[in-house]
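Everything on this sheet refers to the single structure shown next.
Computed from a predicted structure; not experimentally measured. Below, read A as the first sequence line, B as the second, and so on, with proteins coming before strands; counting in each chain starts at 1.
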2 protein chains.
Amino acid sequence: MADLNHILKTHGLRTTAIRREVMQYFLNEGKAVSHQDVEGAMPKADRVTLYRTLAALEESGIIHQVIDDDTVKKYALCGTECSGDHHHDNHVHFKCERCNDTVCLEDIKIPHINLPQGYSVDSGNLLLMGTCKSCA
Amino acid sequence: MADLNHILKTHGLRTTAIRREVMQYFLNEGKAVSHQDVEGAMPKADRVTLYRTLAALEESGIIHQVIDDDTVKKYALCGTECSGDHHHDNHVHFKCERCNDTVCLEDIKIPHINLPQGYSVDSGNLLLMGTCKSCA
DNA sequence: ACATTTATGCAACATAGTTGCAGAAATGTT
DNA sequence: AACATTTCTGCAACTATGTTGCATAAATGT
């Protein structure tokens with residue numbers, strides 16, 4: 001609890017019950033979750049508030065968007081290095097095609113890629129798909 | 001024209017005016033386009049037909065989905081090696097944050113990544129973001 | 001040129017996400 | 001602790017995106 005409040009404060013957000021609950025949900029899941037997932041887990045909470053909560057957590061650098069092959073937005077908790085102005089979520093994501101879970105592989109970084117003259121790269125997103133440990 | 005018909009036939013699709021127009025649009029754009037883009041370019045065509053046209057072209061391996069940080073689906077033409085059952089779009093995609101265009105870098109392949117024991121990888125998707133040649 | 005199969009266009013529906021605004025809760029100040 | 005200020009929450013309405021069912025039209029096979 002106190003932890004969660006501290007994270008919120010250090011990221012410039014007010015401490016509210018909903019934000020703590022959403023963050024706790026992220027901690028429990030340990031995988032990328034969508035707005036719909038959050039809504040399912042917190043049926044009493046207002047849809048719109050949850051959209052805005054996710055947006056606030058993302059803008060402040062507490063969660064980051066996980067790019068995935070389906071069209072709903074998904075998010076996961078950022079590592080401790082993230083802050084609002086500078087996300088460092090340059091790790092690889094893995095989506096299991098059996099259980100459909102997408103997870104962060106925090107230890108595996110996106111390799112540097114050489115591009116032709118004229119391109120400059122700021123950030124990247126690498127999604128690997130296949131079968132995860134639990135489904136193998 | 002004849003070319004487009006040939007491509008459609010070799011991928012097991014019937015040759016229709018709309019499919020040729022959509023394919024021609026892909027050829028002209030040379031970048032990843034969304035349903036909305038196609039609709040804008042072909043205002044007379046029916047929305048639903050365009051959704052189904054894109055789905056048919058994707059399933060048959062003529063176009064492939066380009067994963068991007070925004071949530072609308074985008075597609076681009078596949079290289080010649082693609083067929084319905086086996087897509088080979090394992091090249092890198094680049095999204096320019098100024099012009100917002102996403103392009104295929106056909107010559108740059110996704111590098112092999114070593115994952116921990118238990119993961120098996122079937123396919124991957126690498127999106128690099130930054131500034132493109134024209135916007136530099 | 002005819003029968004069969006598949007594609008198109010329309011209406012209605014379903015899902016995902018946004019905006020405006022009033023009341024509630026959190027924070028800063030005294 | 002009480003107040004003023006700022007920000008958050010919850011509701012209603014709305015926009016955008018994508019899907020399904022079905023009748024008609026067009027493409028293919030014989």
Side-chain angles (χ1 to χ4, degrees), chain A residues 1-2 4-25 32-63 65-75 84 100 102, chain B residues 1-2 4-25 32-63 65-75 84 100 102:
Chain A
M1 242 357 157
L4 298 179
N5 280 342
H6 183 250
I7 296 172
L8 286 166
K9 281 187 180 158
T10 54
H11 288 79
L13 293 181
R14 291 192 175 184
T15 63
T16 72
I18 289 189
R19 287 174 181 172
R20 283 188 297 271
E21 285 171 53
V22 170
M23 289 173 72
Q24 189 58 58
Y25 177 67
V33 300
S34 65
H35 169 268
Q36 191 181 230
D37 294 329
V38 180
E39 204 181 333
M42 304 171 51
K44 286 181 293 187
D46 181 69
R47 259 166 38 81
V48 176
T49 300
L50 291 179
Y51 275 114
R52 292 198 264 228
T53 299
L54 292 171
L57 294 177
E58 187 191 10
E59 275 166 37
S60 69
I62 296 177
I63 62 179
Q65 195 184 333
V66 175
I67 297 177
D68 190 281
D69 62 337
D70 60 43
T71 48
V72 295
K73 277 192 188 177
K74 294 184 183 173
Y75 302 94
N100 272 304
T102 302
Chain B
M1 240 1 156
L4 299 179
N5 280 341
H6 183 250
I7 296 173
L8 286 166
K9 281 188 180 158
T10 54
H11 287 79
L13 291 180
R14 290 192 175 185
T15 65
T16 72
I18 289 189
R19 287 174 181 172
R20 282 188 296 271
E21 284 171 54
V22 170
M23 289 173 72
Q24 188 59 58
Y25 177 67
V33 299
S34 65
H35 169 267
Q36 190 180 228
D37 295 328
V38 180
E39 205 180 334
M42 304 171 50
K44 285 180 295 187
D46 182 69
R47 258 166 37 83
V48 176
T49 300
L50 292 180
Y51 275 114
R52 292 199 264 227
T53 300
L54 292 171
L57 294 177
E58 188 192 9
E59 276 166 37
S60 69
I62 295 176
I63 61 179
Q65 196 184 333
V66 175
I67 297 176
D68 190 280
D69 62 338
D70 58 44
T71 49
V72 293
K73 278 192 187 176
K74 294 184 184 173
Y75 301 94
N100 271 304
T102 302

- Query: Under 4.0 Å between a side-chain N/O of A/Thr16 and OP1 or OP2 of D/dT9, yes or no?
  - Reply: yes
- Item | Nucleotide D/dT17, atom P - distance to NE2 of A/His35 in whole Å | 18 Å
- Query: Less than 4.5 Å apart, any side-chain heavy atom of B/Val72 and any of B/Gln36?
  - Reply: no
- Student check: side-chain heavy atoms of B/Arg20 and B/Leu8 closer than 4.5 Å: yes
- Do the non-hydrogen side-chain atoms of B/Leu50 and B/Ile18 ever get within less than 4.5 Å of each other? yes
- Item | 5'-most by nearest nucleotide on DNA chain D - A/Arg19 or A/Arg47 | A/Arg19
- Take the protein atom CD1 of B/Ile18 and the nucleotide atom P of D/dA26, then report the distance between them rounded to whole Å. 11 Å
- Can you tell which of C/dG17, C/dC10, D/dG10 lies closest to the side chain of A/Lys73? C/dG17
- Task: Calculate the interatomic distance between B/Arg20 atom CZ and C/dT8 atom P; express it in whole Å.
- Result: 10 Å
- Query: Which atom names give the shortest non-hydrogen contact between B/Arg19 and B/Ala56, and what distance separates them?
  - Reply: NH2-CB, 4.1 Å
- Please tell me which of the listed nucleotides, C/dG9, C/dA7, D/dT20, lies nearest to the side chain of B/Thr49? C/dG9
- Specify the residue among B/Thr71 and B/Ala56 whose closest nucleotide of DNA chain C lies further upstream toward the 5′ end. B/Ala56
- Mind calculating the distance between CG (B/Leu8) and C1' (C/dT8) to the nearest angstrom? 15 Å
- Query: How many Å lie between CG on B/Leu50 and P on D/dG18, as a whole number?
  - Reply: 12 Å
- Query: Which residue, B/Tyr51 or B/Lys9, contacts DNA chain D at a nucleotide closer to its 5' end, judged by nearest heavy atom?
  - Reply: B/Tyr51
- Using a cut-off of less than 4.0 Å, is there contact between a side-chain N or O of A/Gln36 and OP1 or OP2 of C/dA16? yes
- Item | Over all atoms of both residues, closest heavy-atom pair of B/Lys74 and B/Asn100 | NZ-O, 4.2 Å
- Between B/Leu54 and B/His35, the two heavy atoms sitting closest are CD1-CA, 3.8 Å
- Report yes if some heavy atom in the side chain of A/Ile62 is under 4.5 Å from a heavy atom in the side chain of A/Leu13; otherwise report no. yes
- Query: Mind pulling the stems DNA chain D is in, i.e. runs of at least three Watson-Crick or G-U pairs, everything under 3.5 Å?
  - Reply: C:1-30 with D:1-30
- Message: Please confirm whether the shortest side-chain N or O distance from B/Thr15 to OP1 or OP2 of D/dT28 is below 4.0 Å.
- Response: yes
- May I have the distance from A/Arg14 (atom CZ) to C/dA26 (atom C1'), rounded to whole angstrom? 5 Å
- Message: So, under a plain 3.5 Å distance rule, would you say the side chain of A/Arg52 forms a donor-acceptor pair with the base of C/dG20?
- Response: yes
